[in-house]
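Working notes, beginning with the structure itself.
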Amino acid sequence: MRGMRRPAQLLVVAILLLGGPPAARGAEDPTTLSSPPGAGATAVGDEIPAAPELAPASDLPEPGRREIGYLSGRFLILNMHGALFHQDIADFEEDIAYASWLNAGVIRVFATDAGEFAEWDGERIGQRIADLAPALRAAGLKLIVALVNNHKAVPGERPDSFGWMDDYYQLLLPFYQESWRGAYLSFVRQIIGTVVGRGARDVVWAWELGNELHTPRQPRAVMPFINAASVEVRRLDPDARVLAGTMGVNHLDPGVHDSPVARALYCYGPISAYTLHTYDWRTPDLWGDMPIHWDFEQVVDHPCPNGRRVPILVEELGTSRQLPGVYGADQEDLRLAQELNQIRMVLGYLNEGVVAIGAWSAESPLVRDISRFDKRRGLTSYGSDNLGGGSCYRLPEGDPIGARCLYERVLRELPRMP
């Protein structure tokens, strides 16, 4: 592994990645500055917003302090990626009841539907969030709203900004360089403007710029986007928490353990928490789809030159229905053991700032619309029919308890070590 960067070197790198130094006091326009060459902007001379305040002080723990219960007094996030799009709002209200039973603090939803069943505009998304507000308030729950899913662009996105790369559809480099100011920004303004206008701002725990955003061909290009887009979000909602929704250092900067991109995001980025996602993590050598232990060892564990520490949300943590060489689809006892192994790994980093764990595809087993259940990963992929069976939520007396039920019991007790 590479050695730790000196604080002065990291500061210089961070300034470049963020799009330039903060504007000086008294400057004519403190919200913009010309991007320096090599900053990942669209062209020399383009205007990009300067770094805003890193985050509202009330959102961030004091350095060195463990913030268990950061999410409305709880520790669990439930990912319900397509739940906003249920035809009948009663299905989402059922999801809220399930989240309350699981002792979750936050439900994470996406504003674009990767299932291709719905293509709602931003106003309709905002109206749905506002319509859900009374049920969320009654349950003491809030939302993380990912404003775009990397795997499904917003309506009207430019054709050159979304397409096939690295074996799946995703947002492409032109989106991050400049086209995000078109359809995406209009979509974001519609969502947030509608939610704020209807007085439902209080049920949004954080606005997330997107789910698993990255620019793997030019890793540094993601930072000017994160910086500028966060400014736009806070213009619409000045008190908002903002998350980048990134997956981890190896997703941001492939193969680079001590990536200056990830360090700049953690130490200087305009975010309220640092996000991580991984599935099927077994050991540091068998790390599934994302080696998030790199983030703990190389990004988080080394002190930032400015003394900054932000909370860490392991937003997505879970297992596949089957893992070749480890367990098959009919060996849910072994799958449960893998779930517990991952949870123990993450809980081992509580002192490094972990404040939440998120379970994937965690909709209630009782919703009527199951069209967006993930049959490959997450809670909805349990059971003999891979439709979420085995839950003990509202379990009739005498019914057998499945692996999902045992997993739910662990989730309900977080952050207790299983």
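Note that the structure is a prediction, hence the values are computed from the model and not measured.
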#### Entry: With T194 via side chain to side chain donor-acceptor pair (under 3.5 Å) - residues at least two apart
none
Cationic N near anionic O, under 4.0 Å, [X] to [Y]:
X	Y	answer
R234	D237	no
R404	E408	yes
R377	D289	yes
R394	E94	yes
R309	E352	no
R372	E363	no
D253	R220	no
R158	D160	yes
D202	R137	yes
R217	D166	yes

### Message
For W205 and Y70: C-alpha separation, side-chain torsions, deciding distance, then whether ring-ring contact (aromatic ring centres under 6.0 Å, His included) applies.
### Response
CA-CA 11 Å; W205 191 86; Y70 186 57; 5.4 Å; yes
Drop me the distance from [X]'s [atom1] to [Y]'s [atom2], to the nearest 0.5 angstrom.
X	Y	atom1	atom2	result
F175	T215	CZ	OG1	11.5 Å
I77	L313	CD1	CG	5.0 Å
Y176	S161	OH	OG	10.0 Å
L213	E208	CG	CD	8.0 Å
I107	N79	CD1	CG	10.5 Å

### W281/H293 under ring-ring contact (aromatic ring centres under 6.0 Å, His included): CA gap, chis, key distance, verdict
CA-CA 10 Å; W281 191 101; H293 59 286; 5.6 Å; yes
#### Entry: Sub-4.5 Å side-chain heavy-atom contact between M223 and L265
yes
Do any N or O atoms from the side chain of [X] and from the backbone of [Y] form a donor-acceptor pair under 3.5 angstrom?
X	Y	value
D295	V249	yes
S391	C405	no
T275	T246	yes
N150	Q170	no
R201	V204	yes
R189	Y184	no
S259	V256	no
Q342	G318	yes
S320	L323	no

### Message
Within a 6.0 Å radius of atom CD on Q87, are there more than 12 heavy atoms belonging to other residues, nucleotides or ligands?
### Response
no
### Task
Could you tell me whether Y393 and W101 have their ring centroids closer than 6.0 angstrom?
yes
### Task
Find out whether the Lys NZ or Arg CZ of R335 is both under 6.0 angstrom from the six-membered ring centre of Y382 and within 45° of the ring's axis.
yes
### Message
Tell me whether R282 forms a cation-pi arrangement with W287, defined as NZ or CZ under 6.0 Å from the six-membered ring centre and within 45 degrees of its axis.
### Response
no
